Protein chains: 2
Amino acid sequence: MATLTAAQRRQQDRAAYDAFLAACPARKVLERISDKWVTLVLAALGDGPKRYRDLTRIIAGASQKMLTQTLRALERDGLVARTVTAEVPVRVDYELTELGRSLHAVVRQLKDWAECHIAEIEQARTAYDS
Amino acid sequence: MATLTAAQRRQQDRAAYDAFLAACPARKVLERISDKWVTLVLAALGDGPKRYRDLTRIIAGASQKMLTQTLRALERDGLVARTVTAEVPVRVDYELTELGRSLHAVVRQLKDWAECHIAEIEQARTAYDS
DNA sequence: CTGCATCCTGCGAGATACTG
DNA sequence: CAGTATCTCGCAGGATGCAG
C-alpha cells in the first residue's frame, strides 16, 4: 500500500537519517576516536614508536583482542604505520603517521578543554544530583 | 593465597587501569561527546534554543528515549539548560549554557579537522582494502 | 612474540504502551 | 506536548585456546 503507519514512517526517517550520518565526515572521525581505546593508543604512540608488547603493558586495560582490533582500524585509516621485522621471535612496531600525529594534536585540544572545564562539569553534576 | 594466577593478575591490572581512566578528565569529557547523539544535540542547539518537539524533528534518527536520555545527561553536566513553561500544553525549551557553547566550539574544531582530512582517510582505507 | 578463531555474556538501545 | 516504564534482543567486547 502507498500509505504508511506512523511507526513505518518513523522507521523510514530513522533509516534516512542514519544514511545521512554515515556520509558525514565529522561523524566518521568522531566514531573513530570515540572508540574507547583509540585515543589511548594515539597517546601511547605520541612519543615515538612502540612494540606490540609495550602497548599491551602501557594500556593495561585493553584486552588483546581490542588492542589488535584498534591497531588494525587505525592502520586501515592511515593513522598508524605497522612495521614487521622478521626476527625470531617476530617483532612488530607501531608508530603514528603524519596524519595520525595531526589527529593526535586535535585530540589534545579536546584534552586541554577537558582539564580546563572538568571542575565546572563536576560541580554541575553534584548540584544536579541534589 | 598470596600468589595469583596470570589471569587474576591481568584482571587486577584491568581493574586498576579502569579506575585510572575513570578519574581522567579528558576521558570523562570524551565519553560524554562520544555518545552518538550528544554532538548532534549540541549542533542542533548551536543556533539558539529549541523545543523538545523541534529536536525530535531535527534529529530524526534518535528515538524518544535516547533524546530524553541525552538531554538529561547534558543538563546534568551543565551543558544544556532546560526551561519548563507552564502553558497548556506544557512547553519545554532547551538551550546551550555558556559551558555548552564552549564545548560546542571544541567539537567544531574536531569537525573542521574531519572535513579537512577525511579524504586522506578514505584514500588510506581503499588502499588498505586492496 | 604477535596474533586469529571461537564461544559466551551483559548491557545498551529500540519498540511499545501508559501518564501528567 | 513531554515525557516515564517495561520488555526484549543484538552485538560489542572479554575469555580462552590455537598458530606462525
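Proteins come first, then strands; the chains are lettered A, B, ... in the order of their sequence lines, and each starts at number 1. Please read these numbers as outputs of a predicted model, since none were measured by experiment.
Regarding contacts with the backbone of D:dC1, a side-chain N or O of B:Arg53 is found under 4.0 angstrom from either OP1 or OP2. A sub-4.0 Å separation between OP1 or OP2 of C:dC1 and a side-chain N or O of A:Tyr94 is absent.
Nearest nucleotide to the side chain of A:Val92, out of D:dT4, D:dA2, C:dG3: C:dG3. When distances run from any side-chain atom of B:Gln11 to the nucleotides D:dA15, D:dG3, D:dG14, the shortest one goes to D:dA15. Residue A:Gln64 places its side chain closer to C:dC4 than to any other of C:dC4, D:dA2, C:dC1. Between D:dA2, C:dA13, D:dA15, one nucleotide has an atom nearer to the side chain of B:Tyr52 than all others, and that is D:dA2. In the set C:dG3, D:dG3, D:dC1, D:dC1 carries the atom at the smallest distance from any side-chain atom of B:Pro89. The nucleotide whose nearest atom lies closest to any side-chain atom of A:Arg14 is, among C:dG14, C:dT2, C:dG3, C:dG14.
Separating the CZ atom of B:Arg72 from the P atom of D:dA5 is a distance of 11 Å, rounded to the nearest angstrom. Between B:Leu55 atom CG and D:dG3 atom C1' the separation is 14 Å, expressed in whole Å. Taking atom NZ on A:Lys65 and atom P on D:dG17, their separation rounds to 16 Å, with Å as the unit. C:dA13 atom P lies 10 Å from atom CH2 of B:Trp37, rounded to whole Å. Between the P atom of D:dG3 and the CD atom of B:Glu75 lies a distance of 9 Å, rounded to the nearest Å. Spacing between atom CG of B:Leu71 and atom C1' of D:dT4 amounts to 15 Å, rounded to whole angstrom units. Taking atom CZ of residue A:Arg57 and atom P of nucleotide C:dC1, one finds them 8 Å apart after rounding to whole Å. We find that CG of A:Asp35 is positioned 15 Å from C1' of D:dC11, with the value rounded to whole Å.
Nearest-nucleotide positions on DNA chain D place A:Ser63 closer to the 5' end than the other of A:Ser63 and A:Val90. Nearest-nucleotide assignment on DNA chain C puts the 5′-proximal partner with A:Arg51, out of B:Lys36 and A:Arg51.
For the pair B:Lys36 and A:Asp18, the salt-bridge criterion is met [side-chain N within less than 4.0 Å of a carboxylate O]. Salt bridge status for B:Arg108 with B:Asp112: absent, with no side-chain N to carboxylate O gap under 4.0 Å. A salt bridge does not link B:Arg82 with B:Asp93: none of the charged nitrogens is closer than 4.0 Å to a carboxylate oxygen. Remark: A:Lys28 engages B:Glu122 in a salt bridge, criterion side-chain N to carboxylate O under 4.0 Å.
Of the options B:Arg57, B:Arg51, B:Lys50, a side-chain hydrogen bond (donor to acceptor under 3.5 Å, both in side chains) to B:Asp54 is made by B:Arg57 and by none of the others.
Heavy atoms of A:Arg82 sit under 4.0 angstrom from primed sugar atoms or phosphate atoms, though from no base atom.
Checked by distance alone, A:Gln69 brings no side-chain donor or acceptor within 3.5 Å of a matching partner on the base of C:dC4.
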